[in-house]
Amino acid sequence: SAEILQQIARGLEVSAESLYVRAGIQLMLHQLTPLKRALELPRANLFIADDVGLGKTIEAGLVLQELLLRNQVELVVIVAPASVCGQWQREMATRFGLHFEIYSRAFVQRRRQDRGFSVNPWLTHARFIISYQTLRRPEYEAPLSAMLAEGERKTLLILDEAHTAAPASGSAYSVPSDITRTIAQLAPRFDHRLFLSATPHNGHSSSFSTLLSLLDRQRFTRGVKASPRALEQVMVRRLKSDLRALDHAHGFPEREVVAMTLTARDSPELTLARLLADYTSAAAATARSGKDRLVFINLQKRLLSSVHAFARTL
């Protein structure tokens with residue numbers, strides 16, 4: 001109710017308006033914890049690493065909305081996998097009433113047609129969503145770097161699936177990817193940073209420390225294992241099992257794993273997988289380069305998704 005939200009707002013020292021979101025969102029108490037943690041930090045450099053389904057998008061939206069109400073943010077850039085950019089745009093519009101432009105080639109062309117070829121498209125709006133694949137291209141990253149270098153605007157960077165920016169190498173000193181280098185160049189120029197990932201750690205401490213250094217250079221150093229105390233200050237991590245015991249977490253039923261015996265007659269995927277494996281093995285003997293094997297790797301990925309996806313790719 002409105003009275004309860006007013007009490008929560010006073011307890012968190014946030015604006016009550018930030019809790020009155022649009023589209024009738026049913027807020028859960030655990031979703032307010034990242035908001036409280038972000039506002040306790042000098043800068044909202046926070047890693048939201050909640051389990052899948054706990055509402056990381058809503059949690060990030062609450063932090064964003066409060067920073068906007070406090071006039072601490074003017075420019076917002078959300079970086080996400082290409083497959084969910086449209087979903088982010090819809091979520092921000094329907095749940096928080098915030099319009100985001102998806103930064104793409106088509107968007108750049110429209111802006112240049114309307115305002116001239118020399119215009120910096122990043123200066124034509126205040127809220128953007130861009131994919132990792134697009135951001136790492138120099139023709140899109142360079143104008144953003146030039147604008148951020150001026151330092152005239154209050155800025156917020158949100159990385160969805162933030163583990164994408166972490167090096168995949170497990171060596172003692174991880175070798176950064178193109179995306180890692182791009183984020184490493186841009187992230188320090190933002191005033192506030194929110195990283196979102198349900199799987200923040202890939203099993204290699206060097207890779208994880210690199211990801212944390214992108215979030216906060218003052219607390220974390222690439223190649224140096226993060227201390228639990230420093231990690232606790234910037235990370236919010238809850239699993240569904242952690243919340244299930246709480247009264248307000250009754251909406252997360254416990255998962256039951258049931259073993260089933262399948263045969264080729266019951267599941268055509270099994271037959272397809274065997275045939276694809278045989279075909280891949282035969283092709284590997286004649287493949288001359290990694291490019292030749294790429295098509296078979298993609299077919300295997302599509303088959304793991306669905307038979308329909310496999311058929312369309314084939």
Side-chain angles (χ1 to χ4, degrees), residues 12-15 17-18 32-49 56-80 88 92 96 98-101 103 120-132 134-136 140-162 164-166 179-197 200 210-222 226 230-236:
L12 295 179
E13 297 183 353
V14 302
S15 303
E17 290 82 359
S18 67
L32 298 176
T33 301
L35 174 61
K36 181 176 184 295
R37 184 73 63 84
L39 297 179
E40 291 174 347
L41 297 170
R43 292 190 176 185
N45 296 337
L46 187 66
F47 204 132
I48 303 177
K56 291 186 293 295
T57 302
I58 293 178
E59 293 169 348
L62 290 173
V63 176
L64 164 60
Q65 191 176 49
E66 181 63 26
L67 292 177
L68 289 172
L69 290 171
R70 295 185 177 209
N71 197 28
Q72 295 183 12
V73 165
E74 297 175 354
L75 173 70
V76 184
V77 177
I78 299 176
V79 186
W88 265 97
M92 291 296 101
F96 298 97
L98 300 174
H99 173 66
F100 279 78
E101 290 282 0
Y103 198 99
N120 186 343
W122 292 103
L123 293 172
T124 62
H125 194 59
R127 294 182 288 272
F128 295 96
I129 300 172
I130 187 171
S131 68
Y132 285 99
T134 302
L135 183 62
R136 69 181 180 182
Y140 300 120
E141 180 269 334
L144 177 60
S145 295
M147 182 191 65
L148 294 174
E150 298 175 359
E152 297 179 355
R153 306 178 73 178
K154 305 170 185 177
T155 54
L156 168 65
L157 173 67
I158 299 178
L159 288 190
D160 188 25
E161 304 295 343
T164 305
I179 293 179
T180 305
R181 285 189 286 267
T182 300
I183 299 300
Q185 180 178 351
L186 291 174
R189 299 181 178 180
F190 282 86
D191 298 320
H192 308 280
R193 294 175 284 273
L194 292 179
F195 285 12
L196 281 61
S197 175
T210 301
L211 180 60
L212 292 174
S213 67
L214 300 179
L215 176 69
D216 193 328
R217 285 184 174 182
Q218 303 299 322
R219 288 187 172 92
F220 307 100
T221 304
R222 177 186 171 193
L231 193 59
E232 183 179 357
Q233 294 176 342
V234 301
M235 177 173 281
V236 177

Is it true that a side-chain atom of Thr210 and a backbone atom of Ala166 form a donor plus acceptor pair closer than 3.5 Å?
-> no
Could you tell me the separation between the CZ atom of Arg222 and the CZ atom of Arg217, rounded to the nearest 0.5 Å?
-> 11.5 Å
Verify the neighbour count for atom CZ of Arg153: are there more than 12 heavy atoms of other residues, nucleotides or ligands below 6.0 Å?
-> yes
Roughly how far, to the nearest 0.5 Å, is the CG atom of Leu64 from the CG atom of Leu194?
-> 8.0 Å
Arg181: salt bridge (charged side-chain N to carboxylate O under 4.0 Å, His left out) partners, not counting sequence neighbours = Asp178
Residues that Arg219 engages under salt bridge (charged side-chain N to carboxylate O under 4.0 Å, His left out), provided they are two or more places apart | Asp216
Taking every heavy atom of Asn120 against every heavy atom of Pro143, the minimum-distance pair comes out as ND2-O, 3.2 Å
Atom pair OG1/CZ of Thr164 and Phe195 - distance to nearest 0.5 Å | 11.0 Å
Do the side chains of Leu46 and Arg37 get nearer than 4.5 Å, heavy atoms only?
-> yes
Between the CG atom in Leu68 and the CD atom in Glu66, the distance rounded to the nearest 0.5 Å is 9.5 Å
I would like to know whether Thr155 and Val77 meet side chain to side chain contact (heavy atoms under 4.5 Å, CB included); could you show each step before the answer?
-> CA-CA 8 Å; Thr155 54; Val77 177; over 6 Å; no
Could you walk me through whether Leu212 and Leu231 pass side chain to side chain contact (heavy atoms under 4.5 Å, CB included), step by step?
-> CA-CA 9 Å; Leu212 292 174; Leu231 193 59; 3.7 Å; yes
Can you find a heavy atom in the side chain of Leu144 that is under 4.5 Å from one in the side chain of Phe128?
-> no
Would you call the rings of Tyr103 and Trp122 parallel, tilted or perpendicular if under 30° counts as parallel and over 60° as perpendicular?
-> parallel
Please report the closest heavy-atom contact between Ser197 and Phe47, naming both atoms and the distance.
-> CB-CE2, 3.9 Å
Scanning both residues in full, the closest heavy-atom pair of Thr57 with Phe96 reads O-CE1, 4.5 Å
Where the side chain of Lys154 meets the backbone of Asp191, is there a donor-acceptor pair that is under 3.5 Å apart?
-> no
Hey, could you give me the CG/CG distance between Leu159 and Leu214, rounded to the nearest 0.5 Å?
-> 8.0 Å
Just by distance, do the side chain of Arg193 and the backbone of Leu215 share a donor-acceptor pair under 3.5 Å?
-> yes
Does the His192 side chain pair with the main chain of Leu156, one donor and one acceptor, at a distance under 3.5 Å?
-> no
Looking at side-chain heavy atoms only, is the closest gap between Thr221 and Ser213 below 4.5 Å?
-> no
Here the gap from Glu74 atom CD to Arg127 atom CZ, rounded to the nearest 0.5 Å, amounts to 11.5 Å
Are Thr182 and Tyr132 side-chain neighbours, meaning at least one heavy-atom pair lies under 4.5 Å?
-> no
Given side chains that start at C-beta, do those of Val76 and Leu157 come closer than 4.5 Å, heavy atoms only?
-> no
Start with the C-alpha distance between Asp160 and Trp88, add both sets of side-chain angles, then the distance that settles side chain to side chain contact (heavy atoms under 4.5 Å, CB included), and finish with yes or no.
-> CA-CA 9 Å; Asp160 188 25; Trp88 265 97; 2.8 Å; yes
Just wondering, do Ser131 and Val79 contact through their side chains at under 4.5 Å, heavy atoms?
-> no
Please report the C-alpha distance between Leu75 and Leu148 in whole Å, then the side-chain angles of each, then the deciding distance to 0.1 Å, and finally whether the side chain to side chain contact (heavy atoms under 4.5 Å, CB included) criterion is met.
-> CA-CA 10 Å; Leu75 173 70; Leu148 294 174; 4.3 Å; yes
Within a strict 4.5 Å, meaning less than it, do heavy atoms of the Ile129 and Glu101 side chains meet?
-> no
Any donor-acceptor N/O pair, Thr180 side chain to Ala165 backbone, under 3.5 Å | yes
Counterpart residues, salt bridge (charged side-chain N to carboxylate O under 4.0 Å, His left out), relative to Glu232 (two or more places apart) = none
Taking Ser145 for its side chain and Glu141 for its backbone only, find out whether a donor-acceptor pair lies under 3.5 Å.
-> yes
Side chain to side chain, Glu59 and Leu196, heavy atoms closer than 4.5 Å | no
